[in-house]
Structure formats: C-alpha cells, structure tokens
Amino acid sequence: MQLYQQFNGRFDFTFIGNTLNTQENLGILNSPCIINTFSSAQLDLQPEDTIEKAYLYWAGSGPGDFNIKLNDIDIVPDRTFNLTQSTSGLIFLVLLKM
C-alpha cells in the first residue's frame, strides 16, 4: 500500500454512498445473492462549500461491472484493483474514477 495523493492544509471531507445489496452480507456461501439494478445517494452541500477533489469508488465480488452510469453518463474506471481469496477462490474488485 502506498500514498496515492496528499492534501496539505485544513480540509474536511464527506463520504456518501449506497449499496446494491438487498440484505446484509452474512458470509454464507450458499445463500442467494439478490441485488438491485441501480442505487442512488444524495450529496448535500452548503453554499460556502468548495469541492477540491471528488472520487467515485465501486466494488463487488465476481467478474465485476467495469462500466457504470452516473447521472446517465457512462463511467469507465481509471484504476482497478482485484484480489482472489485463496480459501474460496472468490474474486473481489475495487474500481476508481478520479
């Protein structure tokens, strides 16, 4: 792991997010995995707020969905990370758009 980008000075940050899962991940391999086909989250900013940088992360298990839409705009990741769990063989992906 290494530092990707550093911000100096006095900054605050906000995270928002949502999930496509219909229920908690309980770690049960034989339970059905049911997901929604879309998800949304609302970002509320104050008039005096300034956005310095915004990142979009999405992740999942399996072969993954590398192409998504944000506000009806096609998004392709700038960076991708994947890991195969040694005990189960499951694939996990994390994708980043800067």
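Reckoned from all heavy atoms, side chains included, excluding hydrogens, waters and symmetry mates.
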Under 4.5 Å side-chain linkage, directly or through intermediates, the cluster mates of Leu43: Ile16, Leu45, Ile51

Considering all heavy atoms, the nearest Ala41-Gly17 contact: CB-O, 3.8 Å

N/O donor-acceptor pair under 3.5 Å between Ser39 side chain and Thr19 backbone: yes

Could you tabulate the donor-acceptor pairs under 3.5 Å formed by side-chain atoms of residues 70-78, not counting sequence neighbours?
unit_1 : atom_1 : unit_2 : atom_2 : d
Asp74  : OD1    : Lys69  : NZ     : 2.7
Asp78  : OD1    : Lys97  : NZ     : 3.3
Asp78  : OD2    : Met98  : N      : 2.9

side-chain contact (heavy atoms from CB on, under 4.5 Å) evaluation trace for Tyr55 with Gln5: CA-CA 12 Å; Tyr55 297 95; Gln5 189 167 9; 2.5 Å; yes

Interatomic distance, Phe7 atom CZ to Glu52 atom CD [nearest 0.5 angstrom]: 8.0 Å

Beyond-backbone contact of Ile68 with Leu56, side-chain heavy atoms, under 4.5 angstrom: yes

Straight-line distance of Thr80 OG1 to Trp58 CH2, nearest 0.5 Å: 9.5 Å

Neighbour count above 12 (heavy atom, 6.0 Å) for Phe13 CZ: no

